[in-house]
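All ligand and atom numbering here is 1-based and tracks the order in the structure. Here the structure is a predicted model, which means the values were calculated and not measured.
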Amino acid sequence: LQGEFSIIQRETGFISGLVCVLSDITKQEKVEQERRNFVSNVSHELRTPLTSVKSYTEALQEGVWKDEEIAPGFLQVISTETDRMIRMVTDLLHLSRMDQGNMQVEMEYVSMNDLFTHILDRFDMMMQSEAYREKNYKIVRDFTQRTLWVEIDQDKITQVIDNILNNAIKYSPDGGSVTCRLMETHNSVVLSVTDEGMGIPRKDLNHIFERFYRVDKARARSMGGTGLGLAISKEVLALHGGRIWATSVENKGSTFFISLPYESFDDEEEWG
Ligand code: ADP
């Protein structure tokens, strides 16, 4: 604890009071420490792709550009790494806006069944594209029959679901299933995505929602990740009064859950 004393003194010199302010500096220090870590992480995360862009550019300048076999590969690396940096900076801007409480949310009532269906249709389409066809990933839907209306910012929740699904696919083995469920409890709508991937060690499970935390840094980076997707998802859910969490069994797979506040209307039929 840090204490500060002030004396309240009249013009006559009479001391009429004493004010003592005690502040919990352990908490302040923790926030300050987190901020320093964050800045150092951002610098490091940007430095890695920048260094690689720089060295590939230099090689091209030094003559590789003339080599028709090698040059296209080098240009591809530069382009991929630049894309990743752009994604990272965009993600950082989103986070900073949310940190400052400046994030605009546009809440509207949405049928979660329709929204999730729409997103999964898009993923099904993507799985048929050339890049994924050979992988044989299966997306399984297991939805409640009831239509669940929730008040959300549709774009932001779509981003969260996209991110979870992208991760599920990224970490799936060939031929793996990704099972998508939609359920309700008495006061919330719960959506889950289960994969059959490598899973997440128990010690990492609570950390993966932290900024830049990755179980296997090198591997996650090589897959194009920014390490910010789940941190953003957590903030988006907090804006909605909801929650995001995960369970996992190593070498078996992981399940990511999101829950959103929900009031069920028993007389739903009457509303047509
Ligand atoms: P990234 O851009 O690295 O995917 P995320 O914030 O989306 O960042 O995820 C953070 C980390 O959580 C990932 O790097 C990975 O280690 C782990 N992770 C996320 N989803 C899964 C999953 N479905 N299976 C295994 N690990 C996962």
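Here is the list of ligand 1 atoms found below 4.0 Å of a heavy atom in Thr226: 2 (O). If you number the atoms of ligand 1 from 1 as listed, the ones under 4.0 Å from a heavy atom of Ser254 come out as 24 (N). Within the listing of ligand 1, atoms 22 (C), 23 (N), 24 (N) sit less than 4.0 angstrom from a heavy atom of Asp195. Close approach of ligand 1 to Lys170 is summarised as follows: ligand atoms under 4.0 Å from at least one heavy atom of the residue are 4 (O).
Contact annotation: Gly197 has no heavy atom less than 4.0 Å from any atom of ligand 1.
Residue contacts with ligand 1 for Ile164 are absent, since no atom lies close enough (heavy atoms, distance under 4.0 Å). Residue contacts with ligand 1 for Val215 involve both N, CA, C or O and side-chain atoms from C-beta outward (heavy atoms, distance under 4.0 Å). Residue Asn163 touches ligand 1 through its side chain alone, judged by heavy-atom distances below 4.0 Å.
The shortest contact between atom 12 (O) of ligand 1 and any protein heavy atom is with Ile208 CG2, 3.5 Å. Closest protein heavy atom to atom 19 (C) of ligand 1: Asn167 ND2, 3.6 Å. For atom 26 (N) of ligand 1, the closest heavy atom belonging to the protein is Ile200 CG1, 3.4 Å. Looking at atom 8 (O) of ligand 1, its nearest protein heavy atom turns out to be Gly227 CA, 3.3 Å.
Considering Tyr171, Phe212, Tyr213 only, the shortest heavy-atom separation from atom 27 (C) of ligand 1 involves Tyr171.
Just one of Asp67, Ile70, Ile78 meets the side-chain contact (heavy atoms from CB on, under 4.5 Å) condition when paired with Leu60; it is Ile78. Tested against Ser233, the residues Leu228, Asn163, Ile258, Ile161 include a single side-chain contact (heavy atoms from CB on, under 4.5 Å) partner, Asn163.
Distance NE2/His44 to CG/Asn37: 13.0 Å, rounded to 0.5 Å.
Remark: ligand 1 and Gly225 share no N or O pair separated by less than 3.5 Å (distance only, no angle test). Of the polar atoms of Leu230, at least one N or O is found under 3.5 Å from an N or O of ligand 1, judged by distance alone. The N/O atoms of Arg214, backbone and side chain alike, include none that comes under 3.5 Å of an N/O atom in ligand 1. For ligand 1, the polar-atom distance check against Asp216 finds no nitrogen or oxygen pair separated by under 3.5 Å.
A salt bridge links Asp124 with Arg141: at least one charged nitrogen is closer than 4.0 Å to a carboxylate oxygen. Checked for salt-bridge contact, Glu235 and Arg211 meet the test: a charged N lies under 4.0 Å from a carboxylate O.
Scanning both residues, Thr226 and Arg84, for their nearest heavy atoms gives CG2-O, 4.3 Å.
Remark: the Gln154 side chain and the Thr158 side chain contain no N/O donor-acceptor pair separated by less than 3.5 Å.
Taking 4.5 Å as the limit, some side-chain heavy atom of Ile157 sits within range of a side-chain heavy atom of Met112.
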Donor-acceptor pairs are to be reported for all side-chain atoms of residues 164-176 against protein atoms at under 3.5 Å, with residues two or more places apart or in another chain.
from, atom 1, to, atom 2, distance (Å)
Asn166, ND2, Asp162, O, 3.2
Ser172, OG, Ala168, O, 2.7

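Relative ring orientation between Phe116 and Phe143 is described as parallel, the plane-to-plane angle staying below 30° on a 0-90° scale split at 30° and 60°.
Residue pairs meeting the side chain to side chain donor-acceptor pair (under 3.5 Å) criterion with at least one partner in residues 237-252, sequence neighbours excluded, are Ser248-Ser254.
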